[in-house]
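Okay, structure first, notes after.
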Number of protein chains: 2
Amino acid sequence: MGFMAQSAPTADRILTVATDLFGRRGIAGTSLDDIAGTVGVAKQTLLYWYPSKDALIGKVLTATAVELLYAIDKPVRGAGDGFARVEATINSVFAAAVRRPSLLGLVRELNRLDTNTSDQLLDSMRSHIDTAVVWLEGEMQAGRLRKADPRILLSLVYATVVGVATETEALRAVGWEPTVGNLRKLRREMIEFLRAALLP
Amino acid sequence: MGFMAQSAPTADRILTVATDLFGRRGIAGTSLDDIAGTVGVAKQTLLYWYPSKDALIGKVLTATAVELLYAIDKPVRGAGDGFARVEATINSVFAAAVRRPSLLGLVRELNRLDTNTSDQLLDSMRSHIDTAVVWLEGEMQAGRLRKADPRILLSLVYATVVGVATETEALRAVGWEPTVGNLRKLRREMIEFLRAALLP
DNA sequence: ACCTTTCTCTACCAAATGGTAGAGGAGAGA
DNA sequence: TCTCTCCTCTACCATTTGGTAGAGAAAGGT
């Protein structure tokens, strides 16, 4: 039966490192040797746990989707109505992005995947998206959010949050530096930005 | 002396195709063979015009920066004050993104470049950024735009526009389809979103 | 003690990739 | 016509990459 060689089972450590490197350098820009080398294990050990790069990619993507949806689900259920709920969700995503920057970086790799793979992933998120859209519509009807196309609005908020969380170069371009204080300020400004954009 | 084999000189055709593929599949995900094959030329022809992949990458990046800055500069000089100017700029960027989707996709590759290369590119944009920041500060003082940290605000607007223009998968996820009508609607919703976010 | 299962490794391999060397064609000037 | 320059090509090459084959260590059950 299983036992752990180091702090975590090999398969988990491989998955973590792969997620990290895929998210930072891109899938195409990361070789199996890179991953195995970082984990500190032979390439064949990696291929024992994940029989091909495609298999590893698949596992990384679904695991990432699960982790993100889990991080998002909690605050969405809690929190009150109107913008408070949006704010709670954004804070969760932002916290996840700070904790593991590669997660959202990986989300952006979706655009480079073949349609089959991305369709599969999108299906697993479909119900969450529909729930969010229905909720947005209700809030707009109730006058608690600005009236707009809820689906496009969702994409816009998504683009803003994920964009600002992943594009460190854009922040570096305006002279921003990643200190703890600046990170807090960034989150606050982003919340204010979205509050203004979403309230009626 | 030079003469053209087809519609455009070989070097230009290579540059165009390289920009396109780099922007769509990423730099690491695009081989010289891919580019040469798409152009319809031997790989060595490509290596004659651009002596290495790095040289080609450099040329693609600077050419893209020039094209984008040119597209942005015009409306920024014209147009009036307050949000009208922001709107004109966004429309230009959006138009450029629709005309050549790869341009903004390439901008996102910045995050994967080594610091030297991206520093060089950021330097060439520094003056434009500073001008924009100063202008934003003035408009905020004059009460024509919502008061906020102008640098972070710039990053947020950037993230929103570039994000929604490049992440087609996020739009596909909410059931949006890229027709001409939907594209117009998307632009309109984005403008309203940013208007709400930026006005006092 | 022995076998079986689980896990990791070394040793290869074929294809793809970035790059080199140099041949050859075609127009322009002498 | 000869030659020179410009441009594109075929023929290679070394390295990297995803992947295969199979040996060997370590532990558990019998």
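Sequence lines set the chain letters: A, B, ... in the order given, protein chains first and strands last, and positions in each chain run from 1.
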[X] bridged to [Y] by N-O distance under 4.0 Å:
{"X": "A/Glu87", "Y": "A/Arg188", "result": "no"}
{"X": "A/Arg112", "Y": "B/Glu109", "result": "yes"}
{"X": "A/Arg126", "Y": "A/Asp130", "result": "no"}

Between D/dC9, C/dC9, D/dG18, spot the one nearest the side chain of B/Thr45, thanks.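 Nearest to the side chain of B/Thr45 among the choices is D/dC9.
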
From the set C/dG19, D/dT8, D/dG19, return the single nucleotide nearest to any side-chain atom of B/Lys53. C/dG19

Could you tell me how far apart [X] ([atom1]) and [N] ([atom2]) are, to the nearest whole angstrom?
{"X": "A/Tyr48", "N": "D/dA25", "atom1": "OH", "atom2": "P", "answer": "18 Å"}
{"X": "A/Trp49", "N": "D/dG19", "atom1": "CH2", "atom2": "P", "answer": "18 Å"}
{"X": "A/Leu46", "N": "C/dT8", "atom1": "CG", "atom2": "C1'", "answer": "12 Å"}
{"X": "A/Tyr50", "N": "D/dG19", "atom1": "OH", "atom2": "C1'", "answer": "18 Å"}
{"X": "A/Ile27", "N": "D/dG18", "atom1": "CD1", "atom2": "C1'", "answer": "15 Å"}

Using five pairs at either end of the helix from C/dA1-D/dT30 to C/dA30-D/dT1, determine the angle between the two local helix axes and round it to 10 degrees. 20°

Side-chain donor-acceptor contacts of residues 92-107 of chain B below 3.5 Å, not counting sequence neighbours, with atom names and distances?
residue: B/Ser92; atom: OG; partner: B/Ala88; partner atom: O; Å: 3.1
residue: B/Arg100; atom: NH1; partner: B/Glu67; partner atom: OE1; Å: 3.1

Which residues, if any, of residues 28-37 of chain A bring a heavy atom under 4.0 Å of DNA chain C? none

Close N/O contacts between protein and nucleotides 20-22 of chain D (under 3.5 Å):
residue: D/dT20; atom: O4; partner: A/Gln44; partner atom: OE1; Å: 3.4

Please determine whether side-chain contact (heavy atoms from CB on, under 4.5 Å) holds for the pair B/Leu198 and B/Phe193, giving the CA-CA distance in whole Å, both sets of side-chain angles, and the decisive distance to 0.1 Å. CA-CA 9 Å; B/Leu198 293 180; B/Phe193 179 88; over 6 Å; no

Please list all pairs meeting salt bridge (Lys or Arg N to Asp or Glu O under 4.0 Å) that have one or both residues in residues 30-40 of chain A, counting only residues at least two apart or in different chains.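 Sorted pair list: A/Arg25-A/Asp34, A/Asp33-A/Lys43.
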
Please answer whether the main-chain N or O of [Y] pairs with a side-chain N or O of [X] as donor and acceptor at a distance below 3.5 Å.
{"X": "B/Glu189", "Y": "A/Asp149", "result": "yes"}
{"X": "A/Glu139", "Y": "A/Gly82", "result": "yes"}
{"X": "A/Thr131", "Y": "A/Ser127", "result": "yes"}

Short side-chain N/O contact to C/dT8 OP1/OP2 from A/Thr10, under 4.0 Å: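 So the side-chain polar atoms of A/Thr10 do come within 4.0 Å of the phosphate oxygens OP1 or OP2 of C/dT8, strictly under.
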
Minimal non-hydrogen separation, A/Arg13 against A/Val39, with atom names: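 The answer is NH1-O, 3.7 Å.
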
N/O donor-acceptor pairs under 3.5 Å from side chains in residues 56-65 of chain B, not counting sequence neighbours:
residue: B/Thr62; atom: OG1; partner: B/Gly58; partner atom: O; Å: 3.3
residue: B/Thr62; atom: OG1; partner: B/Lys59; partner atom: O; Å: 3.1
residue: B/Thr64; atom: OG1; partner: B/Val60; partner atom: O; Å: 2.8

